[in-house]
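Below, read A as the first sequence line, B as the second, and so on, with proteins coming before strands; counting in each chain starts at 1.
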Amino acid sequence: MRGRPPQPSWSILSSSLRRPFPNPTKPPSPSRYSNGRRSDPPPPKRSFSSSPSLPPPEWIDPFIDVSDLNGHSSDLHQSPWVARIAALLDSSPTMESDLTAFCHSLLIRLSPAFVSHLLRFSDAPLRRDPAVAVRFFRWAGRQRRYVHKLESYTSLIEILLSSDTGVEKIRPLVLEIEEYTMTIASSNSLIRSLGKAGMVEELLEVWKWMKRDGLEPSLFSYNCLLDGLVSSGFIDSAERVFEVMKAPPPDIVAFNTMIKGYCKVGKTRKAIELTREMDSRVGGPDKISYMTVIQACYSDGDFDACLRLYHEMEERGLEIPVHAYSLVIGGLCKGGKPFEGLSVFENMIERGCKRNVAIYTALIDSFAKSGSEDRAMNLFLRLKNENDFELDEVAYGVVVNLLCKAGKLEAAVEQFEYCKEKGVSINMVIYCSLIDGFGKVGRVDMAERLFEEMVNGGIVPDSYCYNAIIDALTKYGRIDEALDMFRRMESEGCDQTVYTYTILIDGLFRKHMNEEALKLWRVMIDKGITPTAASFRVLSKGLCLSGKFETARKIADDLAPMGVVLETAYEDMIHVLCKAGRVRHACRLADGIIERGREIPGNVRKVMINALRKAGNSDLAIKLLHSKIGIGYDRMGSVKRRVKFQTLLNG
DNA sequence: CTAGGGTTAG
């Protein structure tokens, strides 16, 4: 539950949603104006003038009525003032005084509608520059006898929310709105933009004011509220709103918003249940409902569900977006089923969907990883010769990687050089595959050269790259240089991972630098890096083979309270000991497990039986096979004890 | 008279 925001105060919603707000009297206004809460501003009084000798300044409007000229009943043209004022709106420090001087010399004042218009329309420079918009808004507000329209507030807030302005700057603006009488359009606009920005507290304020002014939220209002709650992670609140929606009842958008909400918090099952409910309530899920849940299943790694949902979409005759195909095919590819992926892909083409590079890349990668390198390469070469596609760096990345993994370094370099020629950007991933590939076949010099070429090209290597080069150096005995790289990583601010440590610990043990290896393990633990089963396997192997299996056992014991999942730690150690022919030690370790009240798993017994047989001790092997050692119980006094391996060794 | 979904590599 870490990182989850606190639930907003529900009281506001529950009181206002359950019964209609009566709104008989308006609260006393804190406004400095005498006409109660602000609604539209008072009509500007033309009689006002600061100087009796001059005509009064004129309030200018954003539109001019030209209906008299052309005979149409109502024809509005934008006033030429709009462009002239807009030209003054820039980030210059004298913007305010320029505006004042301009208006003063031409005897004009900007009407509230004029200001609202400048804030609303996208051709005004204010859309791009929120800071200028705020300055203009504040300047206009200081004009004599001027009161902002509510729409100016909503437009300004929209501008601020679409930029990266901090929430703290927007909050006070929202609070100023309290004095206005809400309109359905303004409250909807606010609910939508506040919801998008995750300003749920403010959104609920607006909701309250809306109710206060006797406005019934529309379906649109409800849906924006739901979306706001959902995108801020308040799924419980959204759920309660959804449940009280009666008039209007939830529509397909409301359902889809809830589905998104459940998906967001990881409740994919609940989301799918909701799609079932849609059949009887809104005439069934649509393509967006399906897209949302397919996306969630994909993120969960539940690729079977992706495929099932896709089939459902087909049965219902829904239009299947390309992106749905991408997810389904991508899922099949990741799940190691490239042939099934290909068949869905063919369906997609039949239906006239546009092919894309991402899907091809996924297919190529999947074929390669499930052992059909030839097929993968053929597909790639076919695409390369077609002119419909520009293969990107990801596609080349996949191919370079597959060639490297197959040990075909010359072919990999060929593609790499081709990328350079054709201007396909060479990124870190491609370098990384090559470094790893050359390292794995022992051409450490090439791996090093590529690493330096990458760095000189301005790429800052990440942990994958460092791990690849460290692995190369380590595997071919250059442990000191590997350790140099390890330190370089640290000084460059690149995080060392559990893989980095695993590689080096393994390398150190290979060089019989047992103390250093153990020390490195401790450094890793101290840094708070969670060990993996593989990392412990490397450590325990090294320790066991150097006769320190007590130390290994103790470390495994220490890890358990850390909550590290090393279910197979002891089994791994027994494996290592058996493989090294130290069956006696393996037995002692197994007894240690028994002493802690655990059973020895069947596969571990099998390993021990095989080890005994290999060591030429087939008698003991058979005895173990037919005994209850490690799994059954002995009667010792009144206490149940599992039969120990000791009994085997004692004859 | 608005709103709800969005991928490929080490």
Donor-acceptor list for residues 467-474 of chain A side chains, cut-off 3.5 Å, not counting sequence neighbours:
from, atom 1, to, atom 2, distance (Å)
N467(A), OD1, T500(A), OG1, 2.6
N467(A), ND2, S463(A), O, 3.3
N467(A), ND2, T497(A), OG1, 3.3
D471(A), OD1, K475(A), NZ, 2.5
D471(A), OD2, K440(A), NZ, 3.1
T474(A), OG1, I470(A), O, 2.6

Where along [range] does a heavy atom fall under 4.0 Å from DNA chain B?
range	result
residues 342-370 of chain A	A358(A), T361(A), D365(A), K369(A)
residues 438-473 of chain A	D462(A), Y464(A), C465(A)
residues 396-410 of chain A	G397(A), V398(A), N401(A), K405(A)

Non-neighbouring partners of [X] that pass side-chain hydrogen bond (donor to acceptor under 3.5 Å, both in side chains), sequence neighbours left out:
X	result
Q295(A)	none
R487(A)	D484(A)
D495(A)	none
S163(A)	T165(A)

Under the 3.5 Å Watson-Crick or G-U criterion, the dot-bracket string of DNA chain B, with | for inter-strand pairs: ..........

Geometric cation-pi criterion K384(A) and Y418(A), 6.0 Å radius, 45° cone: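 Output yes; distance and angle both within limits.
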
Which nucleotide in the set [options] lies at the smallest distance from any side-chain heavy atom of [X]?
X	options	answer
V429(A)	dG10(B), dG6(B), dG5(B)	dG10(B)
F220(A)	dA3(B), dT7(B), dG10(B)	dA3(B)
P321(A)	dG5(B), dA9(B), dT8(B)	dG5(B)

Residue pairs fulfilling salt bridge (charged side-chain N to carboxylate O under 4.0 Å, His left out) with at least one residue in residues 152-162 of chain A, sequence neighbours excluded: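 Residue pairs passing salt bridge (charged side-chain N to carboxylate O under 4.0 Å, His left out), neighbours aside: none found.
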
Any pair counted as salt bridge (charged side-chain N to carboxylate O under 4.0 Å, His left out), so long as it reaches residues 282-301 of chain A, sequence neighbours left out: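 Sorted result for residues 282-301 of chain A: K287(A)-E319(A).
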
D506(A)/R537(A) ion pair, N-O < 4.0 Å: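 Result for this pair is no, no salt bridge flagged.
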
Set of side-chain contact (heavy atoms from CB on, under 4.5 Å) partners for V441(A), sequence neighbours left out: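 L409(A), R443(A).
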
